[in-house]
Amino acid sequence: MSPVSLDRHFYERNTQVVAFELIGKVLVFKENGTKISGKIVETEAYFGAKDPASHAYRGMTPRNRVMFGAPGVSYVYFTYGNHHCLNVVTEKEGTAGAVLIRALEPMEGIELMKKRRGKANEEQLTNGPGKLTQAFGITREHSGINLTSGSFYIGETGDQEFLSIQTAKRIGISRAKDELLRFYLSTSDHVSVR
DNA sequence: TATTGGATCGCC
DNA sequence: GCGATCCAATAG
């Protein structure tokens with residue numbers, strides 16, 4: 001059974017709250033009749049004008065435009081000449097904010113993920129922001145898509161499980177390093193860095 | 001137009 | 001620990 005997608009109101013809140021609550025939700029991506037999905041186990045919050053580590057810190061540019069737009073929309077960017085990173089836009093329209101999806105636990109489409117990643121070990125398929133976009137086949141073409149409906153969305157698992165969520169410093173940034181805006185499922189073997 | 005550094009990854 | 005690799009943003 002497919003999970004029910006989270007609605008706009010879920011994302012139209014404080015970015016930090018959304019980042020925390022996205023832990024345990026399911027990312028679903030259907031393309032060409034193939035369904036790929038995974039449970040979100042690690043996120044980071046990025047604000048706008050008040051966050052020096054955010055792409056939106058210095059205002060709107062062609063790249064970060066969607067961060068200022070409607071909540072619940074994807075923001076995908078390309079970095080380090082090799083990697084794509086997937087975010088979901090937060091806050092009310094006009095206010096910049098996004099949650100970076102950093103790691104997943106693969107659920108469906110594992111064989112395709114292994115093929116794309118060139119890895120046999122399931123734990124290494126989606127345990128990093130660049131790895132999960134490679135495994136899912138997500139690129140800049142998938143930026144600006146509404147994730148509250150359609151074939152690319154985030155939903156509830158339906159499971160009533162207790163989640164032990166840890167808070168930590170964000171990874172791979174040079175400014176605002178000490179902000180505790182990273183969240184991860186402490187019981188997961190699929191988190192990017194321990 | 002040129003330069004710089006990056007919300008990463010994988011190999012050394 | 002470090003190089004790959006390309007693009008966006010900023011400076012000149």
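Chain identifiers are assigned alphabetically (A, B, ...) following the order of the sequence lines, protein sequences preceding nucleic acid strands; residue numbering begins at 1 within each chain.
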**Request:** For B:dA7, take OP1 and OP2 only and decide whether either is under 4.0 Å from a side-chain N or O of A:Lys177.
**Result:** no
**Request:** Assess the side chains of A:Gln166 and A:Ser186: does a donor N or O sit below 3.5 Å from an acceptor N or O?
**Result:** no
**Message:** Given 3.5 Å as the limit, does a donor-acceptor pair link the side chain of A:Ser74 with the main chain of A:Ile145, or not?
**Reply:** yes
**Item:** Helical stems, DNA chain C - three or more consecutive Watson-Crick or G-U wobble pairs below 3.5 Å
**Value:** B:1-6 with C:6-11, B:8-11 with C:1-4
**Sub-6.0 Å ring centroid separation between A:Phe29 and A:His142** = yes
**Prompt:** Contacts to DNA chain C from residues 109-129 of chain A, heavy-atom cutoff under 4.0 Å, which residues?
**Reply:** none
**Message:** Distance to the ring centre below 6.0 angstrom and angle to the axis at most 45 degrees; does that hold for A:Arg102 and A:Phe183?
**Reply:** no
**Request:** Kindly give the heavy-atom pair with the smallest separation between A:Pro3 and A:Glu156, and that separation in Å.
**Result:** CB-O, 2.7 Å
**Asked** Are A:Arg182 and B:dA7 close enough that a side-chain N or O sits under 4.0 Å from OP1 or OP2?
**Response** no
**Message:** Taking salt bridge (charged side-chain N to carboxylate O under 4.0 Å, His left out) as the definition, give me every residue that meets it alongside A:Glu93, ordered by chain and number, with sequence neighbours left out.
**Reply:** A:Arg8
Are there any protein N/O atoms within less than 3.5 Å of an N/O atom in nucleotides 10-12 of chain C, and if so, which ones and at what distance?
none

**Prompt:** Would you say the side-chain atoms of A:Thr126 and A:Glu105 include a donor-acceptor pair closer than 3.5 Å?
**Reply:** no
**Message:** I'd like to know if the side chain of A:Asn32 pairs up with that of A:Thr34 as donor and acceptor (distance under 3.5 Å, no hydrogens or angles considered).
**Reply:** no
**Asked** So which of residues 64-94 of chain A are in contact with DNA chain C, with a heavy-atom cut-off of under 4.0 Å?
**Response** A:Phe78, A:Tyr80, A:Gly81, A:Asn82
**Message:** What's A:Leu100 touching, base or sugar-phosphate or nothing? Going by heavy atoms closer than 4.0 Å.
**Reply:** base
**Asked** In residues 39-57 of chain A, what residues come within less than 4.0 Å of DNA chain B, judged by heavy atoms?
**Response** A:Tyr46, A:Ala53, A:His55
**Request:** For residues A:Lys25 and A:Lys39, determine if any side-chain heavy atom of one lies less than 4.5 Å from a side-chain heavy atom of the other.
**Result:** no
**Asked** Quick check, are the ring centers of A:Tyr77 and A:His55 under 6.0 angstrom apart?
**Response** yes
**Message:** If only side-chain N and O atoms count, and only distance matters, is there a donor-acceptor pair under 3.5 Å linking A:Gln134 with A:Arg117?
**Reply:** yes
